[in-house]
Amino acid sequence: DPDGNPLQTEFGLSVYKDHQMVYLQEMPERAPAGQLPRSIEIILDNDLVDACKPGDRVMITGIYRALASKATGTTRGMFRTVMIGNHVRMITHDVGE
């Protein structure tokens, strides 16, 4: 913890939740000519974990957020942007299928 006390797991009192970070990439055929497809980091929790696998074409609805860095306790005006997923809709599976 912040005070330097050792942390121990209380096995009978712990609550666990599913958490997954995925990267969503723009469809290559929709990317501007001559540019690489853009991507965004998405956080999925609970029932949305494992809703898609690499190569699936999905539409994800969520909240776009800027997160401040907690590593140093201060900010320098640079924020990491992520999307917190609320819904995952499958468009198609792997392109090869």
Side-chain angles (χ1 to χ4, degrees):
D1 70 357
D3 299 326
N5 299 318
L7 299 176
Q8 296 179 343
T9 303
E10 302 259 349
F11 291 103
L13 302 174
S14 298
V15 176
Y16 300 95
K17 73 174 191 173
D18 289 331
H19 180 83
Q20 182 180 24
M21 297 181 83
V22 298
Y23 287 91
L24 183 69
Q25 185 179 23
E26 181 178 29
M27 290 183 185
E29 60 270 12
R30 292 191 179 172
Q35 292 184 8
L36 291 175
R38 297 169 286 199
S39 63
I40 184 172
E41 184 177 2
I42 299 178
I43 298 172
L44 301 175
D45 287 326
N46 302 321
D47 61 331
L48 295 179
V49 171
D50 294 330
C52 57
K53 63 182 187 342
D56 286 348
R57 293 192 174 217
V58 295
M59 181 180 296
I60 299 180
T61 306
I63 301 166
Y64 191 69
R65 299 221 23 208
L67 301 177
S69 173
K70 294 181 182 177
T72 61
T74 61
T75 60
R76 298 185 309 192
M78 296 291 292
F79 294 90
R80 180 176 80 129
T81 56
V82 298
M83 188 165 124
I84 300 171
N86 288 338
H87 179 72
V88 177
R89 190 178 110 209
M90 194 70 60
I91 296 174
T92 61
H93 289 284
D94 286 328
V95 176
E97 291 181 359

**Report entry** Non-hydrogen side-chain atoms of Ile40 and Thr81 separated by less than 4.5 Å
**Finding:** no
Query - Interatomic distance, Asp45 atom CG to His19 atom NE2 [nearest 0.5 angstrom] - result: 5.5 Å
Query raised in the report: Quick one: does Val88's side chain get under 4.5 Å of Ile60's, heavy atoms only?
Result: yes
**Report entry** Salt-bridge contact Glu26-Arg57 (side-chain N to carboxylate O under 4.0 Å)
**Finding:** no
Query raised in the report: In terms of heavy-atom contacts, does CE of Met27 have more than 12 from other residues, nucleotides or ligands at under 6.0 Å?
Result: yes
Query raised in the report: Hey, are the side chains of Ile63 and Met83 touching, using non-hydrogen atoms and a 4.5 Å cut-off?
Result: no
**Report entry** Note, Val58 side chain near Leu24 side chain (heavy atom, < 4.5 Å)
**Finding:** yes
Requested in this report: Count the heavy atoms belonging to other residues, nucleotides or ligands that lie under 6.0 Å from CD of Glu29, then report whether that count exceeds 12.
Outcome: yes
Query raised in the report: So with a 6.0 Å cut-off around CZ of Phe11, is the heavy-atom count from everything else above 12?
Result: no
Requested in this report: Check Pro37 against Ala31 and note the closest heavy-atom contact, atom names and distance.
Outcome: CA-CB, 4.1 Å
Report task. State yes or no: do Tyr64 and Leu48 share one hydrophobic cluster built from I, L, V, M, F, W and Y residues joined by side-chain heavy-atom distances below 4.5 Å, directly or via other members? Result -> yes
Query raised in the report: Looking at Ile42, Leu44, Ile43, which one forms a side chain to side chain contact (heavy atoms under 4.5 Å, CB included) with Met21?
Result: Ile43
Query raised in the report: Do any N or O atoms from the side chain of Gln25 and from the backbone of Arg38 form a donor-acceptor pair under 3.5 angstrom?
Result: no
Query raised in the report: Is there a side-chain contact between Arg80 and Glu41, using heavy atoms and a 4.5 Å cut-off?
Result: yes
